[in-house]
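Here's the structure we're looking at; comments come further down.
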Amino acid sequence: MTRPGLTSDPAEAEGLQGELAPRVELNDRLDPVRRVAGADIAYEIGGDRLWAAVCVLDATTLSVIEVARFEGVATFPYVPGLLSFRELPALLACFEALRRPADLVVCDGNGILHPRRLGVASHLGLLLDVPAIGCAKNQLLGTAGSLGLARGDHAPIEEAGEHVGDALRTQPGVKPLYVSPGHRVSFATARAWVLKLAPTYRQPEVIREADQEVRRMRAAATGA
DNA sequence: GCGACAG
DNA sequence: ATCTTGTCGC
């Protein structure tokens, strides 16, 4: 009943992450990027329904090319460190509905900036064998060096003596984003793409589009 | 033991 | 994640 690389049993999740994490690739292995996808999910307030969307943008114009949607129910609880088990079933359904695959995926969450180096972006990238980047709004763990206030300034985030991601300022004087490689992407490439995808706002356009889409879906299904 | 903890 | 839009302030 469960896809390979996933489990609906929280007790098995950590062990699975331990098996998958060694397969994550931190070197650049991507084709020319034309289609960049952003994925996000919105949850029902007093229930377990959820709405997921993947928005594919033209990497050059940042205009929306395709959108895939999925409406379902949350079957896994939110546990820090196990987010991918809660969100991947819905996100994978969206990616399978795309007419053409994305060349690069940006997830709302972390890549290897994770206790077992397998955040949602790494887990997704591995299961779909697609280049992926983790882009979180809050720092899950580690210690970040100080960074300047200019757009593009960044500082490494380390944990247990390892470089696991970077704090990246996408807009002057605004709180940084926490970027980390998901799969098949290096630290520098991950930062470069997030910066390129966020020319105007703090968050990359692909994530903003996906976020707006899932909110519209929830509003339409709920009301208000 | 205590606190922290992506979305 | 979610309650919530415009508004006050640097």
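Residue numbers start from 1 in every chain, and the chains themselves are labelled A, B, ... in the order their sequence lines are given, proteins ahead of strands. These values consider heavy atoms only, across backbone and side chains, with no hydrogens, waters or symmetry-generated copies.
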Separation of atom OH in A/Y178 from atom C1' in B/dA4, rounded to whole Å: 15 Å

Touch class at under 4.0 angstrom, heavy-atom based, for A/Y78 against every strand present: base

Sugar-phosphate only, base, or nothing, as touched by A/L82 at under 4.0 Å among non-hydrogen atoms: base

A/L177 CG to B/dA6 P, straight-line distance once rounded to whole Å: 14 Å

N or O in side chain of A/N138 less than 4.0 angstrom from B/dC5 OP1/OP2: no

Touch class at under 4.0 angstrom, heavy-atom based, for A/L83 against every strand present: base

Nearest heavy-atom neighbours spanning A/A190 and A/V185: N-CG1, 3.5 Å

Between B/dG7 (P) and A/H114 (NE2): distance, integer Å: 13 Å

Length of the CZ-P vector between A/R218 and B/dG7, whole Å: 15 Å

From B/dG7, B/dC5, C/dA1, nucleotide with atom closest to A/R215 side chain: C/dA1

Length of the CD-P vector between A/E44 and C/dT2, whole Å: 12 Å

Side-chain N or O of A/R86 closer than 4.0 Å to phosphate OP1/OP2 of B/dA6: no

A/H163 and A/F187 aromatic ring geometry - parallel, tilted or perpendicular at 30°/60° bounds: parallel

Whole-Å distance separating the CG atom of A/N110 from the P atom of B/dA4: 19 Å

salt_bridge(A/E19, A/R116) N-O dist < 4.0 Å: no

Sugar-phosphate only, base, or nothing, as touched by A/G81 at under 4.0 Å among non-hydrogen atoms: base

A/L197 CG to A/L104 CG distance, which is reported to the nearest 0.5 Å: 7.5 Å

Whole-Å distance separating the CZ atom of A/F85 from the P atom of B/dA6: 17 Å

Sugar-phosphate, base or nothing in reach of A/V79, heavy atoms under 4.0 Å: nothing

Nucleotide B/dG7, atom P - distance to CD1 of A/I41 in whole Å: 12 Å

Ion pair check, A/D31 and A/R184, cut-off under 4.0 Å: no

Distance test, side-chain N/O of A/K137 to OP1/OP2 of B/dG7, below 4.0 Å: yes

